[in-house]
Number of protein chains: 2
Amino acid sequence: MTVQQERTDVPLSKDPDVPEPTGGEPRFKRLSAEDRAGELVRAGLEVLATGGITAFTIYNICKKAGASRGLIGHHFGGKDGLLAACYAAAYAPLLQMLQAGSGTLELPDMIDELFSARHFRRDGLNIWLALWGEIAVNPALQAEHLRHYRAYEAAVTQSITDFARAKGRKVDAATLATTLIALLDGLWLELCIAPGLMSLERARHAVLSLLEPQLGPLP
Amino acid sequence: MTVQQERTDVPLSKDPDVPEPTGGEPRFKRLSAEDRAGELVRAGLEVLATGGITAFTIYNICKKAGASRGLIGHHFGGKDGLLAACYAAAYAPLLQMLQAGSGTLELPDMIDELFSARHFRRDGLNIWLALWGEIAVNPALQAEHLRHYRAYEAAVTQSITDFARAKGRKVDAATLATTLIALLDGLWLELCIAPGLMSLERARHAVLSLLEPQLGPLP
DNA sequence: TTTCCTGTTGAACGGTCATACAACAACTGC
DNA sequence: GCAGTTGTTGTATGACCGTTCAACAGGAAA
C-alpha cells in the first residue's frame, strides 16, 4: 500500500559555525498544556477526517499540528490517549446540541439541527467512520463509547417522549429512538461512502418517513 | 470462529552438518493460484473482522493463512489488490442472496434472509466497519464500492416495487430502498459497536416499523 | 525417471511506526 | 535582570511495515 509521505524534516544546523540561524526569532510557540492538548486533538480529528484511522499516526498528527513528535506522549501518554480524547471531542458537539439550554430539545428542532449544514457534513462524518471501525475492535474505546451512546440515546428518547405526549400519541419512544439513531448513522454512512447518491434533503426525507407514520406530521 | 491453522514451521536447518532434517516431508503445500488466492482472501477477512483495518497487514494475513509473505505480492500485486479482493468477497454473499434463483427475491423472504443468523452476525459485520472507514478515504475503493452498491440498491428497489404492486400500494420504491439500506447499515453498526444493546429481534422490529406503514403488513 | 513450469520461500531493503529521554528554551514570578 | 518552572524539541531505538527478488521445490507432464 502506497502511503506517500513528504518528509519535510528541515535538519537543524549541526554545524557549529552556524549556531543560530537568525536573530531573536523564537524557535517555537509555548502554549499552556490545555491549549496544546486542544491543538493536538484538533489536528487528530483533521487527520481522521482526511485519511481515516490508518493515517492517524504520531508523525501525521504532529506535522498537521505544527508540533514536535514528543508532544503526544507528553500530553496524552501515548497515541491511545489522544485517540480517546479525539473520540470525546467528536461526540461533544452532538451531546451539547441535544442538551442545549436547560432542558430537552424539542423534536422538530432536533431534526432541524441534525440536518443543518453544521452537522451533516462529509468531512465531519468521516471522523465517525474512522472511529467506528476502531470501536468495534478496541474494548477500551468501546466502553467509552457506550457511556456517550447512552446519553445520546436518552436525550433522543426524551425528545420523542415529549413530542408524542404533546400530540397525544402512544409510541415506544425508546425503540423508536434506537431506530432513529440507526437510520441517522446509516444516512451519514451513505453520505461518506457513496457521496452524490445521498444529500441532506434525501436524508431528511428518509427520517421523516420513519417518524411521521408514528408521530404525525413534524412541523 | 474458524480454527487457527497451526504453522508447522519446521525451521530450515542452516547448519550444513544437517542439510535435511528428516525424510520426505514436503516443506509446503502447493495450491492452484485460485485456491491460494482464496485462502489469502479468507485470511484477510478474518483479520479485518478481528482487528480492523489497522491489523490488515501482510504479516498478519500471511501468518493467519499459513503462507509466506511474498505470496500477496505474487497473487494480488500488493496489499491494495488483496483489499479490493476482500471487499468483493465481502459483498458477494449479499448480492448472491438478493439475486437468488433466476429473478428477484420476494420482499418478505429478503427480510427473513437479512435477519437470518447467517448475515446478522457481529464477526461478519465487523468486516464492513473496517471497510467503510477505508472506502470513505480511498477513491479507488470507493469507485469499486459504488458499482456493487448500485446493484444492491437496484435489487432492493425491485423487491419493494414488486411487493407494492402486488399489494396495490403506491410508494417511491427507490427512496424507500435507500432508506431501508441506510437503516440496515445503522442497525449493523449498533450491533458491532454497542453489542448487548442491539439484537436480531430488535433490528427486525425496527425494519418493520419503517416498511409496514408504507407497504402494509409483511407476512 | 527426468524435465520443466510455476507456486513458494525468506532474506534483504528502505521506509515508517510509537515511544523514551536528555537537553533545551520560552515564559513567569521574583 | 535572574532563576525556576515547565512546555518543547529532536535524536535514538527497536519493532514492524510493504515490496522485491533470486533461489528453491512441488508436482505434473514427458
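Computed from a predicted structure; not experimentally measured. In what follows, every heavy atom counts, from backbone to side chain, and hydrogens, waters and symmetry copies are set aside. So that the names make sense, note that chain A is the first sequence line, chain B the second, and so on, each numbered from 1.
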In this structure, how many angstroms lie between the [atom2] atom of [N] and the [atom1] atom of [X], rounded?
{"X": "A:Lys79", "N": "C:dT16", "atom1": "NZ", "atom2": "C1'", "result": "11 Å"}
{"X": "B:Glu39", "N": "C:dT9", "atom1": "CD", "atom2": "P", "result": "12 Å"}
{"X": "B:Phe28", "N": "D:dC24", "atom1": "CZ", "atom2": "P", "result": "12 Å"}
{"X": "B:Ile61", "N": "D:dT19", "atom1": "CD1", "atom2": "P", "result": "11 Å"}
{"X": "B:Leu83", "N": "D:dT19", "atom1": "CG", "atom2": "P", "result": "11 Å"}
{"X": "A:Lys63", "N": "C:dT16", "atom1": "NZ", "atom2": "C1'", "result": "13 Å"}
{"X": "A:Phe56", "N": "C:dC17", "atom1": "CZ", "atom2": "C1'", "result": "14 Å"}
{"X": "A:Leu31", "N": "D:dG7", "atom1": "CG", "atom2": "C1'", "result": "9 Å"}

Using only side-chain N and O atoms of [X], determine if any of them is under 4.0 Å from OP1 or OP2 of [N].
{"X": "B:Ser68", "N": "C:dG10", "value": "no"}
{"X": "A:Arg69", "N": "D:dT9", "value": "no"}
{"X": "B:His75", "N": "C:dT8", "value": "yes"}

Original post:
Contact class for B:Ile72 vs. all strands (heavy atom < 4.0 Å): base, sugar-phosphate, or nothing?
Top reply: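 Answer is nothing: B:Ile72 stays at 4.0 Å or more from every strand.
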Original post:
Base, sugar-phosphate, or nothing: which does A:Gly70 touch, judged by heavy atoms less than 4.0 Å apart?
Top reply: base
**OP:** Would you please indicate yes or no on a ring centroid separation below 6.0 angstrom for A:Trp128 and A:Tyr91?
**Re:** yes
Nucleotide nearest [X] (side chain, heavy atoms from C-beta), chosen from [options]:
{"X": "B:Ala33", "options": "D:dG7, C:dT8, C:dG7", "answer": "C:dG7"}
{"X": "A:Thr57", "options": "D:dG18, C:dA18, D:dT8", "answer": "C:dA18"}
{"X": "B:Arg30", "options": "D:dG26, C:dC17, C:dT9", "answer": "D:dG26"}
{"X": "A:Lys29", "options": "C:dC27, D:dT8, D:dC24", "answer": "C:dC27"}
{"X": "B:Tyr59", "options": "D:dC17, C:dA25, C:dT19", "answer": "D:dC17"}

Original post:
With a 4.0 Å cut-off, would you call A:Glu39 and A:Arg36 a salt bridge?
Top reply: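 Judged by the 4.0 Å cut-off on N to carboxylate O distance, A:Glu39 and A:Arg36 do not form a salt bridge.
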Original post:
Taking 4.0 angstrom as the limit, do A:Asp112 and A:Arg204 come out as a salt bridge?
Top reply: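 Here A:Asp112 pairs with A:Arg204 in a salt bridge, since their nearest N and O are under 4.0 Å apart.
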Original post:
Does a side chain donor of either B:Glu190 or A:Tyr149 reach within less than 3.5 Å of an acceptor in the other side chain?
Top reply: yes
Subject >> First encountered from the 5' end of DNA chain C, between A:Gly77 and B:Ser32 >> reply: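 Of the two residues, B:Ser32 wins.
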**OP:** Decide yes or no on side-chain hydrogen bond (donor to acceptor under 3.5 Å, both in side chains) for B:Ser159 and B:Glu106, but give the supporting numbers first.
**Re:** CA-CA 6 Å; B:Ser159 288; B:Glu106 301 248 359; over 6 Å; no
